[in-house]
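Worksheet: one structure, shown below.
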Amino acid sequence: MHKVSPVRAFSDNYIWLLEAEDAPRALVVDPGDATPVLEVLERRHLELVAILVTHHHADHVGGVQRLVEVTGARVFGPVGERLPVECAKVSGGQRLKLDRLGLTFEVLDVPGHTSGHIAYHSPGMLFCADTLFSAGCGRLFEGTAEQMLDSLDALAALPPETRVYCAHEYTLSNLRFARAVDPANIRLAQWSEEAEALRQQDLPTLPTTLGLELQVNPFLRVRSPAVRQAAESHVGCALQTATDVFAAVRAWKDGFR
Ligand code: ZN
Ligand code: FE
């Protein structure tokens, strides 16, 4: 199994660093800042050979240019977004074969947070950046609720044991909201306790797994009676479709303190 470790950046970003199994080579996903990545590469004597970018936000691309200058790594990014750096464009359905890392990724189109957001999936691991978080999902900056729900449905259809490498440590605040939506969910209460304990030791709560998220994440559970009822009582009317429930829960979270 490939070793994947978080490189912390800014206040709550994780830049995921994946190491090849048979050589001191690595890739990073969404390096918003080059400095902490260069430190880790030097400390572990790793050659950076690839950079995967999921969307155009500065906290995900800010370090790409410098990393390319220093390491010569190849950059891959979404065809549907304008990035401040040159890269090979990839899009949903495409297979990205990285021979120097012994890995192939399947690219998924996951619009919603931004209109061209993509995710990278390889058996057992998913790099989904700001689309899916533990117990939460990305804000709808450019896409619609319908697009985001379709994107989350596509991710949720991957095998449940898939490890989910999200780009932010938002888990505790997401869990606070999730418990307000779904207070009778026992698995959610358990995960909240486990996540609190991890954060008290300053450990990441990520990666999560799709199997866990299917049980605790209100945005993956908009078809469950509990989440539907909570959304309906929050907005004060019946909600017809899963998209309506999703939109109501997303708007509820946007104003949740
Ligand atoms: Zn973002
Ligand atoms: Fe972000």
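Numbering of ligands and ligand atoms starts at 1, following listing order.
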Can you check whether Phe133 and His168 have ring centres sitting under 6.0 Å from each other? yes
Can the ring centres of Tyr165 and Tyr14 be said to be less than 6.0 Å apart? no
Has Asp59 got an N, O or S atom lying less than 2.8 Å from the Fe ion (ligand 2)? yes
Arg257 versus Arg176, closest heavy-atom pair with distance: C-NH2, 3.7 Å
Can you check whether Glu19 reaches Arg44 side chain to side chain, under 4.5 Å on heavy atoms? yes
Given atoms OD2 of Asp130 and ND1 of His57, what angle do they subtend at the Zn ion (ligand 1), to the nearest 10 degrees? 170°
Centroid separation Phe141 to His57 less than 6.0 Å: yes
Would you mind naming the N, O or S atom of Asp130 nearest to the Fe ion (ligand 2)? OD2
What do you get for the angle at the Fe ion (ligand 2) between NE2 on His60 and NE2 on His168, to the nearest 10 degrees? 110°
With rounding to 10 degrees, what does the angle His113:NE2 / the Zn ion (ligand 1) / His55:NE2 come to? 100°
